[in-house]
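So that the names make sense, note that chain A is the first sequence line, chain B the second, and so on, each numbered from 1. Because only heavy atoms are used, hydrogens play no part in the values below, and waters and symmetry mates are left out as well, while side chains stay in.
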Amino acid sequence: MLLELQDVTLKYGRIEALHGISLQVEEGEIVALIGANGAGKTSTMRAVSGLNPLASGKIVFNGEDISTLRADLRVIKGICQSPEGRGVFPGMTVRENLDMGAYTRRDSAGIAADLERVFGLFPRLLERAKQAAGTLSGGEQQMLAVGRALMSRPKLLLLDEPSMGLAPMIIQQIFDIITEINQQGTTVLLVEQNAQQALSRAHRGYVLETGAIVKAGTGQDLLTDPAVKEAYLGVA
Amino acid sequence: MPDEREVLLDVDHVTLRFGGVVALNDVSFSLYKGEILGLIGPNGAGKTTCFNVMTGVYKPTSGGVLFDDKKITGKKPHEINRMGVARTFQNIRLFPEMSAIENVMVGTDSRHYTSVLGALFRLYRVKVKPEELPRVDSSNGLVRTWQQVARTSAKIFGLSRHTLEERAGERKSLELLRLVGIEHRANELARNLPYGDQRRLEIARALATEPKLLCLDEPAAGFNPAEKEQLNQLIRKIRDMGYTVLLIEHDMRLVMGVTDRIVVLEFGKKIAEGTPAEIRDNPKVIAAYLGESADAA
Amino acid sequence: MNFDELFGHLGQHTVDGLAKGSIYALVALGYTLVYGVLKLINFAHSEVFMIGTFAVLGVWNLLGADGTQGVAMTLLLLAAGLLGGALASGATAVAVERVAYRRLRQLNAPPLIFLITAIGISMVLSETFGIWQGRLVVGMPTLIKQKVAFTIFGTEVTNTQLITIVAALVMMFALDQFINRTRYGRGVRAVAQNPDAAALMGVNKDRVIMLIFLLGGLLAGAAALLYSVRYGNTRFNVGFLLGLKAFTAAVLGGIGNLRGALLGGLLLGVVEVYAATLTQSNWEDVAAFVVLVVVLLFRPTGLLGESLGRARA
Amino acid sequence: MGLSAALLGMAACQDAGSDDTTDSAACGGKIAIFGAFTGPNAGLVIPSLNGAKLAVKQFNAANPDCKVTMQDFDTQGNADQATPIANQVAQDQSFTSVIGGHFSGESKATMATYDAAGLVMVSPSATAAELTTLGHKNFFRVVGNDDTQGEAAVTYIKNVLKGQKVFVIDDGQTYGVGIIDKVKAGLGATVAGSDKVQTDQQNFDATISKIKSAKADVIAYGGYTNEAAPLLKQARAAGVTAKFLGFDGLYDPGFPKGAGAAADGAVVTCPCLPAAEAGGTFSADFTKEYGEAPGSYGAEGYDGATILLEGYKAGKKTRAELQEWVRAYDKQGVSKYLKFAENGDVDKSKVVIWSYDITGGAFKPQQEIKLS
Amino acid sequence: MTETPNEGRLSGVSNFFAGVGNRWRGLPKWQRGIGFLAFVAFLYYLPLLGVPGLTWLRTDSIEGGNNWAGVLFTCAVYVLIALGLNVVIGLAGLLDLGYVGFFAIGAYAVAIFGSTQSPVVKSLQDKFDLAPEWAITWAICIPIAIALAMISGVILGWPTLRLRGDYLAIVTLGFGEIIRIVIRNSTNWSGGPAGIASIPGPQGAPSADNHIFGLIDAKPWYWLALSIVLLVVFLVRRLENSRVGRSWLAVREDEDAAAVMGVNPFKFKMWAFAIGAALGGLSGFLFASRQGFIEPNQFNANLSILFVAMVVVGGSGNMAGAALGAVLLAYLPERFRDFSEYRFLVFGLALVLVMLLRPQGLLPSKRRARELKDRQEEVAVGA
């Protein structure tokens, strides 16, 4: 078991955003979290990456309790999140953003190799390497955010809405890349609006509703679940 | 067919650029009095941006928005509100340290006339009806005497406009809280309300400004099906009260169930417009939402 | 209005102003670094500078500087003064962060609380020196005899002015390179632009914050040395007015923007000298603040805008 | 409510009870002395306080049957701190005379209060000319005013420094402006330029440029050490060789200390007597008591106290009596012959003004400036 | 990792305040009314304070101490300042570091128009052939002072209120300095560095015949200032409990949302600025007529910072808190004059300690305290 959340609750001020989430991610899996806006998907991610303190519960990563570990130290343990809303550093160039991804790494050869790999996955980023990230289009920023996350060579990659605001063709590409990354050995925890895509790629999935998990299953199971279909596609 | 109805809001070839990014690309549509219009599209399609242009938060790069035949662009947000446009926010933006009723009263204030000096000196007096006079109801003798003095002085001098408006605002706010169903939480701080009640409070606060047009930005986000159903009822009730409603929403069931017409945006462009039934069968919309075939884009 | 004097020796006044502004700029960098990352005004920075000047004085007295030493000894004194001043200022800045700000950051206190705390710290530091060193100016040995280094278009540039301006530019350049080219610098910028995302990249925010306080302190220490060389005295409240001007300079250039601090400092120095020349020296502060207001009216985020934290403007 | 009424009654009794503790004694009384005993310019005022303390000590030793006490109040030189102190002293009937203020601002701020209370003020060092023009009958000073000092400075510049082009600078404060205006008026066309600096100013490039452009041979500076020392140091470093003349505000050991070698050759004038010239054994006594020579206004502080002490000795007990005593005083003091003109200024013919020059970081009495 | 050091140290004090506050709020309204009246009565009685066991409070109970009623008057003036600044900082959330400017304007208004020694009055006398005793009456100077301060508030606010918070701070700081320097440097109308003396009080120019508002006894002055403070408290409460207070709060909490709800943020910020300025002017006016003499050096930037410190230390947003802060900051340095040189060192230390241990201020508004607590709860693990 690579990651396990045990009965995690999380609060913003006095409002409880997660009421006791428990989930597991096995090594080598792609796990998708789906749910409507405000269902608690992003809060779950922030709890895992350490951006929000837990109100209660426990997070175990690689057999180690990381519930109170600082976010930057979790990165060193091998958890890297590509934040929602892209979260690139707008004042830095594309290249610098990617370098930021490798902030905790010291193996310059490995970094160079990974840079190659990211540029290979996203040739668009190579074209714009010297451009400030803030001037990129939405899709390009999204690619950059994913690329940047890859640069830290995480054991567990957290992707928050990688398809947001992207054209279908690019969404397709992004998911291809996610699959590819996963095949290269990175475990992926994925939060998605685009349930169709996410579930078809994921090994397993969880459905969140108002801060709690209401359904779990394999990607295919959920994809064919009529309730899921109705909730996300508006068609019965 | 649409031309017979009275246009309330007209979005006219609006384009908006941020730096190099085109957020809205030549978007045009109209909103008719008394209807519920849905504005949908995938995340990042420009719905909220469009909304912000319509409510004066952003100024379009080109094109314009007419409300009630008056130009809305370039007006300040509070002026637009005075013209009759009210809105809620996608990521709830209440005044967290104020109580629920205070939040709504901020809305009612926009229709009141007491000035700063009026609030300070309260010299503008208004004759009041007997039933509006201060009550004498205390059992404590000292307090009772005081209440009698207050009542008599109100009888003779009337009450200040400030006091009357304050009371009217309070009454109306309570009514609105009742309408959205959270009147029992009137005195709780906004930030302590449960999520769903916060969303409802936002709607009450927007209604308090007596708008001609109510814009709801993802009001069902984070709701469970039962809550969505309640919301569905509420929106219909609001429409029946004579408001025009613009609804941005992800939840298809809600949108399909409540709206009269739907406008679909994708990548800052309008890709479809029509009744829920038409939209449901539109291949472009299906493509945009389900991402099944890339060629549709 | 003495236009003859101003335009008769415009070059001279400009050089004077640039030299004066260089010191503003170095101190302004301290404000700008902290503001850029933490969005708070470190009011105690003026005392960081003050302590630097006293450290320089202490080091010089310890080494027996008396203004008659030879070239080698002068260089040694300069180096020792730089070391002493930078260490003292840097240590003070870091200590202020640890003692006062860290806890407030943990409490996520609003900026106003930081401001008052900083004012308190500032009072404690300057009063300590006021009691210890007296409240009058304390003279320092003259290390470098002022001489005309070169004359250009009839403008005499003295050696100390030259040293001040060049040193300020060099340090500014070095800092710019550090921030823009090194890994640590990237960390600083990352925290400034998006602290959450920076944490997700493994940046230790506490360490970055300590680093910027240290950097600001080191630069203030360097400024203290230049100040000591050029003006040859200090005082317990030497930092107050200078800090105020430096902060003004930082805002003028666009707070959070390193190059803005340089530009703002130099501009402010020149404006002040011009104003003092045109009228009388006691109008220079008015001129400084009027320029600030005018600039902010037309460019609400300063001349160059905010840079380190541009994302969140 | 009943309780607070009772408290009110008690308080009324208590408050009224703080009067005439002195009437029981046959002789003696209480003096208040106020001034900037802390703060940046305390160095100018401490000698005067010490001088007065010395006088009281000597007096009490010599007259065990006529005890006089002196209470000091620190104003830090601020007018707004001096005002409540004046209220305190005015209301405390045990105080029958006042020494102070030491600076002009605090004197101006409080003289109306003391006047209303009938308290005599004997100032050792408040020199602003206007103080004796405001119509208060209770104010006397044992020191020459700025007008006189300004005149002396003009004489000195003309006759000793032989200045042809004088550059005048003041610090924009009451004291500096007052004296510099007088100097300007006295020098007329020989003033080649002027500038005003401000408190805590650090960089004087603009002023120095103006001095250079004016090709001045004498600089006259009205103000205090904190600005004068850096100004002089920077001016010398920039190659300004004009002679530097300051006034009593710079007669402070901090000035040569702050300006360092640049202060050598600078001259200050002061309406105060060199220690060695003081009458009697004052200088020796002072040095013995405090371990240092009386600086600025030490002798004046001593004189101010002595005038009042002799009044107590002569059996004057009330505020009015003491005020009359001071008005009629006519005797040689240690600093000068003490006799007051109608407005409270020391008789102009008795004013003593000396110039001091700085050599090796210390003030050396140079000569007495005779007013022509 | 969110350690909570020192939490316990001041909690005794906090609990005490909280306990008193809660019990107070729990009382019936009429009892609170009587309690308040008793408190007011005590305030009026304060200058006569002679209750055994409490006399050590008096500032003249120490050697070289200051006049007790005089200090009380200063406290009252500072409370007035704090009330005004609290409108700006506490209610509207604007950081004004140049408040001393308004204080100076009020003080100089009465000096320039009311004193026979002011250059302006003198030139008016010459121009219209008036008697040398002529000057504008004290009572007429009140509206002049308030109006001038308000106008300058609007002039300062118009361009600067559009700026973001921190910029506003430095610009206002500059404004305060400009006022002081301009007054100091212009001798022809402001008296320049020498200041202006013989500023009138309610009984006219200062003289020995003024028995009530005279130079010596500060008690009537204190009572006057206290009465004005109470009046202002009453008026500011009216503002707080009206749409104006609501709008300020809404703008402070979320300016954009407030604007969308029809609140004109600029207008209300401007009003806060103008009201704050008016109160600053009024307090300057009182200060000057009591002192009888003012000079520009009394209005330096340090004082502005002290004013802000009063409000924040006491608890911004709460009138009682701001007033407490003002009283403490005016009173403590006087009561502990024995510390002489160390006074401001101790003061600075106290400031730091209060802020570190009780950042919400000594007597915070309920809202502010909660806000702070919620902020604390929202800190990220790594922050």
Side-chain angles (χ1 to χ4, degrees), chain C residues 35 39-41 43 99-100 103-128 130-131 135 195-196 199 203-206 240-241 244 247-248 250-252 255 279-280 282-283 285-286 288-290 292-294 296-297 300-302 313, chain E residues 2-6 89 93 95 97 159-160 162-167 169-171 173-175 177-178 181-182 184-185 301-302 305-306 308-309 312-313 316 341-357 359-361 368 371-372 375-383:
Chain C
Y35 190 91
K39 292 274 173 277
L40 72 92
I41 306 168
F43 241 83
V99 172
R103 173 171 160 80
L104 293 178
R105 277 196 293 117
Q106 280 163 357
L107 297 180
N108 195 15
L112 196 57
I113 309 294
F114 282 88
L115 185 76
I116 301 296
T117 310
I119 288 167
I121 294 268
S122 175
M123 264 175 139
V124 170
L125 294 177
S126 80
E127 282 296 313
T128 305
I131 291 164
R135 287 166 199 276
D196 274 1
V203 181
N204 183 339
K205 197 176 163 193
D206 281 338
F240 181 76
L241 197 61
L244 199 61
F247 181 60
T248 307
V251 174
L252 196 60
I255 192 158
T279 59
Q280 279 163 327
N282 60 357
W283 285 102
D285 289 355
V286 172
F289 288 121
V290 167
L292 174 75
V293 172
V294 170
L296 287 184
L297 281 188
T301 54
Chain E
T2 39
E3 47 169 331
T4 49
N6 309 328
I89 293 182
L95 181 50
L97 286 183
T160 52
R162 294 163 211 272
L163 297 174
R164 247 185 27 207
D166 305 303
Y167 292 84
I170 184 74
V171 170
L173 188 63
F175 163 79
E177 282 291 274
I178 288 176
I181 296 170
V182 168
R184 186 193 66 199
N185 290 357
N302 283 321
I305 291 170
L306 181 81
V308 176
V312 178
V313 166
S316 71
E341 279 247 68
Y342 295 89
R343 267 194 287 172
F344 286 94
L345 179 61
V346 174
F347 178 72
L349 267 177
L351 217 53
V352 176
L353 285 180
V354 170
M355 285 295 97
L356 288 185
L357 301 179
Q360 68 272 43
R368 282 294 175 115
E371 222 168 291
L372 217 71
R375 281 180 74 110
Q376 284 175 32
E377 284 170 7
E378 275 168 28
V379 216
V381 181

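Residues passing the side chain to side chain contact (heavy atoms under 4.5 Å, CB included) test with C/Val99, sequence neighbours excluded: none. Not a single side-chain hydrogen bond (donor to acceptor under 3.5 Å, both in side chains) links E/Thr160 to another residue, sequence neighbours left out.
Only the side chain of E/Leu95 comes within less than 4.5 Å of a heavy atom in chain C; its backbone stays farther off. For C/Leu296, the parts lying under 4.5 angstrom from a heavy atom of chain E are both the backbone and the side chain. Neither the backbone nor the side chain of E/Arg162 comes within contact range of chain C, judged by heavy atoms closer than 4.5 Å. If you measure heavy-atom distances from C/Leu292 to chain E, the contacts under 4.5 Å come from the side chain alone. Both the backbone and the side chain of C/Ile116 come within contact range of chain E, each with at least one heavy atom under 4.5 Å from a heavy atom of that chain. Heavy-atom distances place no part of C/Leu125 under 4.5 Å from chain E, backbone and side chain included. Only the side chain of E/Val312 comes within less than 4.5 Å of a heavy atom in chain C; its backbone stays farther off. Within the 4.5 angstrom heavy-atom criterion, no atom of C/Phe114 approaches chain E.
For the pair E/Asn185 (side chain) and C/Asn282 (backbone), a donor-acceptor distance under 3.5 Å is present.
In this structure, the separation between CG on C/Leu104 and OG1 on C/Thr117 is 4.5 Å, given to the nearest 0.5 Å.
Chain E forms more heavy-atom pairs under 4.5 Å with one residue of C/Leu40, C/Val293, C/Ile119, C/Val290 than with any other, namely C/Ile119. When the candidates E/Leu351, E/Val313, E/Ile170 are compared by the number of heavy-atom contacts under 4.5 Å with chain C, E/Ile170 comes out ahead. Among C/Ala199, C/Pro110, C/Ala288, the residue with the largest count of heavy-atom pairs under 4.5 Å with chain E is C/Pro110.
Residues E/Leu349 and E/Tyr342 form no side-chain contact, since every pair of their non-hydrogen atoms from C-beta on lies 4.5 Å or further apart. A heavy-atom distance below 4.5 Å is found between the side chains of E/Tyr167 and C/Thr301. Residues E/Phe347 and C/Val124 have side chains not in contact (no heavy-atom distance under 4.5 Å, counting atoms from C-beta outward).
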Could you walk me through whether E/Leu173 and C/Phe247 satisfy the side chain to side chain contact (heavy atoms under 4.5 Å, CB included) test, starting with their C-alpha distance in whole Å, then the side-chain angles of each, then the deciding distance to 0.1 Å, before giving a yes or no? CA-CA 11 Å; E/Leu173 188 63; C/Phe247 181 60; 5.8 Å; no
